[in-house]
Amino acid sequence: MSRVRILATGGTIAGRAPSEVEEGYSAGGVPVDALIRALPELSGVAEIRGEQIAQIGSQDMNDALWLKIAARVNALFAADEADGVVITHGTDSMEETAYFLHLVVKSPRPVVLTGAMRPATSLSADGPLNLYNAVAVAADKDAAGRGAIVVLNDDLHSARDVTKSNTTDVQTFVSPGPGLLGTASYGRIRYFRRPSRLHTVESEFDVAGRESLPRVDILYAHANMPPDLAAASLSLGAKGLVVAGMGNGNVTSAAAAALAAAAAKGAIVVRSTRVVSGDVGRNIEIDDDRLGLLAADQLNPQKSRVLLQLCLTRTSDRAAIQQAFYRY
Ligand code: SIN
């Protein structure tokens, strides 16, 4: 039987509400051992051990915890203490943690993130079946080599493609563009494809021994976007900026000039989009070559931020970082 380690970080899957039918709740309070005890069916799928890494709502996920989770996953695999890892996590920032691990885990073994949209104490809680399916994927040899996988509501998503699309619905995660990686039905897994971009063992990014990551801020574009936020971010220590641009990564002319000024001072500026799907290309309406800006290709702003943070641990060469956005 496969050995699956569950690393718990909190989230709604470990949330508690005052009653079974109450909208308000607090995330993360139910410890991992209680989640495992409540699901005796797991013992039929894998040899399970739980570990409490944090007990937070994933709005509070941060670089230090990412580094801690990555170090723990890499250590478990390096010591051959687990065949697969499941990370229970809030859904709010799950896609960011998943993509970070997709890029820094140094093993082909499965890393699976799951959570829930309804707290553990809720009527029709979705967490138990999500956890069951996540463990089944982590225990499955065929999941190896597919990078970090998000499992929720019977769907498998590649960490690179997945995004949260609804604030409250149990069917919240979507993978616009490439589509689902597969499906899970009461532990029976079907795969549709393999991720085509680089990840895990092919990735150049190594965060072993790191205690922090470079600061990268996200600026949200809108009609009448003011030009001065880019300079404010730089003065607060940002080494990189990601723009959640309008349409194909567009910003107001004044903001484009301010981004060019930030780039001229050495910041790496990546144009992504606030639109939920589609690529952002170079030199479409904004002259990236002239302004010294980069295009995010297919990554949304929050994942562009993750990739740019990791790129900045290695280089500040614009051409190399642009290539990274095409390769990862
Ligand atoms: C969180 O992300 O921790 C809260 C929301 C959720 O888990 O669904």
Side-chain angles (χ1 to χ4, degrees), residues 6-36 38-39 50-70 72-73 85-102 111-135 137-138 148-157 159-176 180 184 218 244 276 300-303 305-306:
I6 301 178
L7 306 183
T9 68
T12 300
I13 191 168
R16 271 202 191 100
S19 85
E20 284 192 337
V21 286
E22 181 115 356
E23 278 188 304
Y25 68 97
S26 56
V30 180
V32 64
D33 291 343
L35 294 180
I36 294 170
L39 202 51
E51 248 178 79
Q52 197 76 50
I53 300 282
Q55 282 187 282
I56 58 166
S58 75
Q59 311 87 342
D60 284 326
M61 187 49 67
N62 56 51
D63 295 355
L65 264 173
W66 278 351
L67 293 167
K68 182 176 176 186
I69 297 166
R72 189 63 191 130
V73 173
V85 166
V86 169
I87 295 158
T88 56
H89 196 291
T91 58
D92 285 356
S93 66
M94 185 182 290
E95 65 194 82
E96 292 161 65
T97 303
Y99 189 50
F100 181 73
L101 295 172
H102 193 65
V111 176
V112 183
L113 290 93
T114 195
M117 293 300 287
R118 296 178 181 146
T121 52
S122 161
L123 191 67
S124 288
D126 53 331
L129 185 53
N130 287 341
L131 183 56
Y132 184 82
N133 280 331
V135 167
V137 175
I149 300 173
V150 166
V151 175
L152 223 96
N153 207 32
D154 294 357
D155 288 339
L156 273 57
H157 302 264
R160 178 176 178 274
D161 306 318
V162 66
T163 194
K164 187 170 181 175
S165 72
N166 190 288
T167 53
T168 55
D169 199 330
V170 293
Q171 180 49 37
T172 189
F173 282 113
V174 293
S175 290
L180 291 179
I218 298 177
V276 76
N300 68 20
Q302 53 272 33
K303 288 194 201 162
R305 179 178 169 275
V306 171

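Just so it is clear, the model here is predicted, and its values are computed rather than measured. Both ligands and their constituent atoms are indexed starting at 1 by order of listing.
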### Partners meeting side-chain hydrogen bond (donor to acceptor under 3.5 Å, both in side chains) with Thr97 (sequence neighbours left out)
Trp66, His89
## Note on the structure
Smallest heavy-atom separation, Val86 atom then Ala138 atom, equals CG2-CB, 3.6 Å
N or O contacts of ligand 1 with protein under 3.5 Å, please list pair by pair.
{"from": "ligand 1", "atom 1": "2 (O)", "to": "Ser58", "atom 2": "OG", "distance (Å)": "2.6"}
{"from": "ligand 1", "atom 1": "2 (O)", "to": "Thr91", "atom 2": "N", "distance (Å)": "3.2"}
{"from": "ligand 1", "atom 1": "2 (O)", "to": "Asp92", "atom 2": "N", "distance (Å)": "2.9"}
{"from": "ligand 1", "atom 1": "3 (O)", "to": "Ser58", "atom 2": "N", "distance (Å)": "2.6"}
{"from": "ligand 1", "atom 1": "7 (O)", "to": "Thr12", "atom 2": "N", "distance (Å)": "3.0"}
{"from": "ligand 1", "atom 1": "7 (O)", "to": "Thr12", "atom 2": "OG1", "distance (Å)": "2.8"}
{"from": "ligand 1", "atom 1": "7 (O)", "to": "Thr91", "atom 2": "N", "distance (Å)": "3.0"}
{"from": "ligand 1", "atom 1": "8 (O)", "to": "Thr12", "atom 2": "OG1", "distance (Å)": "3.1"}
{"from": "ligand 1", "atom 1": "8 (O)", "to": "Thr91", "atom 2": "OG1", "distance (Å)": "2.5"}
{"from": "ligand 1", "atom 1": "8 (O)", "to": "Ala116", "atom 2": "O", "distance (Å)": "3.0"}

### Task
Give the minimum heavy-atom separation between Val151 and Asn130, together with the two atoms involved.
CG1-O, 4.3 Å
### Query
Using 4.0 Å as the upper bound for N to carboxylate O, is an ion pair formed by Glu95 and Lys164?
no
#### Entry: Qualifying side chain to side chain donor-acceptor pair (under 3.5 Å) pairs with a residue from residues 112-122, counting only residues at least two apart or across chains
none
### Message
I need the full list of salt bridge (charged side-chain N to carboxylate O under 4.0 Å, His left out) pairs touching residues 8-36, with sequence neighbours left out, sorted by first then second residue.
### Response
none
